[in-house]
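Note that this is a predicted model, so its numbers are computed, not measured. Values below: every heavy atom of this structure, side chains too, minus hydrogens, waters and symmetry copies. In what follows, chains are A, B, ... by sequence order, proteins preceding strands, each numbered from 1.
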2 protein chains.
Amino acid sequence: MMPQQQLSCRTFDAPAVMPGCSTCPLSSLELCVEGRRNRESESHAQNVGQNTGFALARRVFSRQEEVRDLVPVICSGWAAAYVNLPNGNRQILSFILPGEFLSASLIFSGAQYVWVEAVSDVHYRTFDRTDFMREIAGRPQSFALIAEVWIKEKRRADRLIVDLGRRTAEERIASLLIDLVDRLRARDLVSPDGSVEFPLRQHHIADATGLTSVHVSKVLSEFRRRGLFELSERVLTIKDAAALRRSAGEPHSR
Amino acid sequence: MMPQQQLSCRTFDAPAVMPGCSTCPLSSLELCVEGRRNRESESHAQNVGQNTGFALARRVFSRQEEVRDLVPVICSGWAAAYVNLPNGNRQILSFILPGEFLSASLIFSGAQYVWVEAVSDVHYRTFDRTDFMREIAGRPQSFALIAEVWIKEKRRADRLIVDLGRRTAEERIASLLIDLVDRLRARDLVSPDGSVEFPLRQHHIADATGLTSVHVSKVLSEFRRRGLFELSERVLTIKDAAALRRSAGEPHSR
DNA sequence: CGCTTAATTGAAATGGTTCAATGCCTGTGG
DNA sequence: CCACAGGCATTGAACCATTTCAATTAAGCG
């Protein structure tokens with residue numbers, strides 16, 4: 001228990017409760033030592049080996065050998081899961097926000113085919129897979145929660161397939177922004193005036209939407225010109241949500 | 001138990017053992033009344049409500065209300081899971097071959113956002129979700145098998161994302177053909193001379209690869225001209241597997 | 001046998017890429 | 001405090017992979 005591999009970079013004294021905790025499955029399952037909702041309640045956290053980690057922005061922080069036996073969850077910051085192509089291109093499969101598993105597949109298997117890069121500085125937490133499995137196997141309602149997480153991830157992947165296969169650059173970019181803002185809102189990370197910390201570079205958006213960063217720049221400029229949002233200094237402020245949603249095309253099975 | 005909803009179309013006297021049985025998870029879990037490997041062995045099949053169904057080619061055969069409580073598995077024939085877009089386009093998310101769940105998500109939830117169409121005539125089988133869950137929840141090794149199915153499905157979705165986001169028409173089409181043939185080979189559906197029943201129309205390939213059927217026609221002609229395969233009369237014969245694999249680009253995380 | 005669906009082919013149009021040049025900002029080192 | 005390098009964003013022009021449009025033939029199907 002408590003396998004203390006250091007995933008990468010330096011350690012860090014992380015504050016106990018992090019932005020991701022409010023929506024983190026590990027927290028609601030009372031399996032996280034730090035993020036427990038109710039510190040008085042009976043907790044299973046001490047039965048699950050766990051550890052914290054930290055990665056600087058732009059660093060790759062999940063490697064084959066490191067996730068072999070560990071299930072990582074993001075506590076704060078953004079990450080991106082991607083694959084590299086022989087020609088030097090890459091495709092981002094998903095952005096990972098605070099309170100999310102690096103990948104739901106890693107809950108059940110250490111086999112990994114994606115790279116994960118920290119977009120901003122990232123605090124994460126790793127759980128011993130065997131311990132974790134044992135804890136949820138016993139409790140059906142825990143299992144239902146994990147199934148839900150998994151289904152959501154699959155649904156998001158399917159939505160991306162539709163975007164990449166059948167929708168224009170404008171629609172893809174608008175969808176991505178809407179999806180991210182919606183998820184951030186669920187985590188209470190949108191401030192009352194509608195602005196959000198938005199660490200993505202244009203090349204991230206390009207890699208996620210299957211476009212070039214040159215074209216992303218052009219589309220974003222056009223969106224700004226139309227007054228849909230403001231985006232500068234790593235802060236995004238939606239100005240005309242309805243128009244943005246229109247640009248994303250009809251909601252195709254949200 | 002045994003909820004006897006008729007999913008659609010007419011009933012049919014299906015032969016007990018079908019092409020999909022050899023690789024069907026329900027069969028290896030001994031949960032299928034018909035497809036059991038070992039008829040003498042102790043089986044849990046009578047604990048799980050189940051029924052057969054049949055759908056004619058080109059029919060939609062999975063609707064919201066119908067999968068609410070049922071987990072469908074294809075026994076013979078091909079199906080396609082897709083979503084419709086407001087502009088009349090559609091995107092096929094996956095082809096479903098004999099021995100596969102309609103969608104792994106349906107194992108855990110009846111909420112559905114895709115349509116499923118029979119590509120060729122399809123025999124399928126439905127299992128009561130509650131019964132099914134109860135049976136696998138108790139047995140960890142069953143659960144591992146289901147997790148594996150789920151991970152495979154997700155991995156295939158991720159591969160499609162990469163194809164649609166970053167690869168050319170040729171690469172997408174070649175990848176699709178290779179993937180299908182590989183899966184068919186695993187089911188022993190490739191005859192010794194290398195030919196397979198291949199019920200897809202060009203518009204299926206187009207809808208799956210995010211292209212137009214016009215362009216699919218051009219690429220397929222070019223492939224044929226180069227002698228990579230023959231394809232006519234719903235039969236595909238790979239002639240130059242190595243060259244086809246080259247056209248698909250490097251294997252990006254198979 | 002006629003009617004609809006599927007496949008083929010060519011020509012024109014286009015959404016997005018590629019290439020290239022410029023400016024900006026940030027961090028770094030002298 | 002300035003010079004310089006590297007990453008990031010912007011803009012315009014040329015290019016190209018794929019779409020769109022259109023016309024023709026071939027293939028199922030009742």
### Query
What pairs meet the ring-ring contact (aromatic ring centres under 6.0 Å, His included) rule with one or both residues in residues 154-173 of chain A, with sequence neighbours excluded?
none

### Task
Report yes or no: do Q112(A) and S62(A) form a side-chain donor-acceptor pair below 3.5 Å?
yes

### Message
For H215(A), give me all partners under side chain to side chain donor-acceptor pair (under 3.5 Å), at least two apart in sequence or on another chain.
### Response
none

### Query
With R125(A), which residues qualify under side chain to side chain donor-acceptor pair (under 3.5 Å), at least two apart?
Q50(A)

### Query
Which residue pairs pass the salt bridge (charged side-chain N to carboxylate O under 4.0 Å, His left out) test with at least one member in residues 188-204 of chain B, sequence neighbours excluded?
none

### Sequence neighbours excluded, every pair satisfying salt bridge (charged side-chain N to carboxylate O under 4.0 Å, His left out) that has a member inside residues 73-87 of chain B
none

### Query
Below 4.5 Å, heavy atoms only, C-beta onward: do F61(A) and Y124(A) meet side chain to side chain?
yes

### Message
If the condition is ring-ring contact (aromatic ring centres under 6.0 Å, His included), which residues does W78(A) pass it with, not counting sequence neighbours?
### Response
F198(A)

### Task
Please indicate whether R58(B) has more than 12 foreign heavy atoms, meaning atoms of other residues, nucleotides or ligands, lying under 6.0 Å from its CZ.
no

Result block: side-chain N/O donor-acceptor pairs under 3.5 angstrom for residues 87-102 of chain A, not counting sequence neighbours:
from    : atom 1 : to      : atom 2 : distance (Å)
N87(A)  : OD1    : N89(A)  : N      : 2.9
R90(A)  : NE     : D207(A) : OD2    : 2.6
R90(A)  : NH1    : E117(A) : OE1    : 3.0
R90(A)  : NH2    : D207(A) : OD2    : 3.4
Q91(A)  : NE2    : D207(A) : O      : 3.1
Q91(A)  : NE2    : A208(A) : O      : 3.2
E100(A) : OE1    : L97(A)  : N      : 2.9
E100(A) : OE1    : R183(A) : NH2    : 3.0
E100(A) : OE2    : R183(A) : NE     : 3.4
E100(A) : OE2    : R183(A) : NH2    : 3.2
E100(A) : OE2    : R187(A) : NH2    : 3.0

#### Entry: Under 3.5 Å donor-acceptor, R172(A) side chain and T209(A) backbone
yes

### Task
Look only at the side chain of S247(B) and the backbone of A243(B), and say whether a donor-acceptor pair between them is shorter than 3.5 Å.
yes

### Message
For a 4.0 angstrom threshold against heavy atoms of chain A, report the outermost contacting nucleotides of DNA chain D in 5' to 3' order.
### Response
dC8(D) to dA13(D)

Side chains of residues 220-231 of chain A: which donor-acceptor pairs under 3.5 Å do they make with residues two or more places apart or in other chains?
from    : atom 1 : to      : atom 2 : distance (Å)
S221(A) : OG     : S217(A) : O      : 2.8
E222(A) : OE1    : R225(A) : NE     : 3.2
E222(A) : OE2    : R225(A) : NH2    : 3.1
E222(A) : OE2    : R226(A) : NE     : 3.0
R224(A) : NH1    : L231(A) : O      : 2.8
R226(A) : NH2    : E170(A) : OE1    : 3.1
R226(A) : NH2    : E170(A) : OE2    : 2.6

#### Entry: Those residues of residues 206-226 of chain B lying under 4.0 Å from DNA chain D by at least one heavy atom
G210(B), L211(B), T212(B), V214(B), H215(B), K218(B)

### Task
Take the C1' atoms of the five end pairs on each side of the helix from dC1(C)-dG30(D) to dG30(C)-dC1(D), derive the two axes, and give their angle rounded to 10 degrees.
40°

### Task
Could you tell me from which nucleotide to which nucleotide of DNA chain C, 5' to 3', there is an atom under 4.0 Å from chain B heavy atoms?
dA6(C) to dA11(C)

### Query
On DNA chain D, nearest-nucleotide positions of R172(B) versus R234(A): which is more 5'?
R234(A)

#### Entry: Residue whose nearest DNA chain C nucleotide is more 5′ - E170(A) or E233(A)
E170(A)

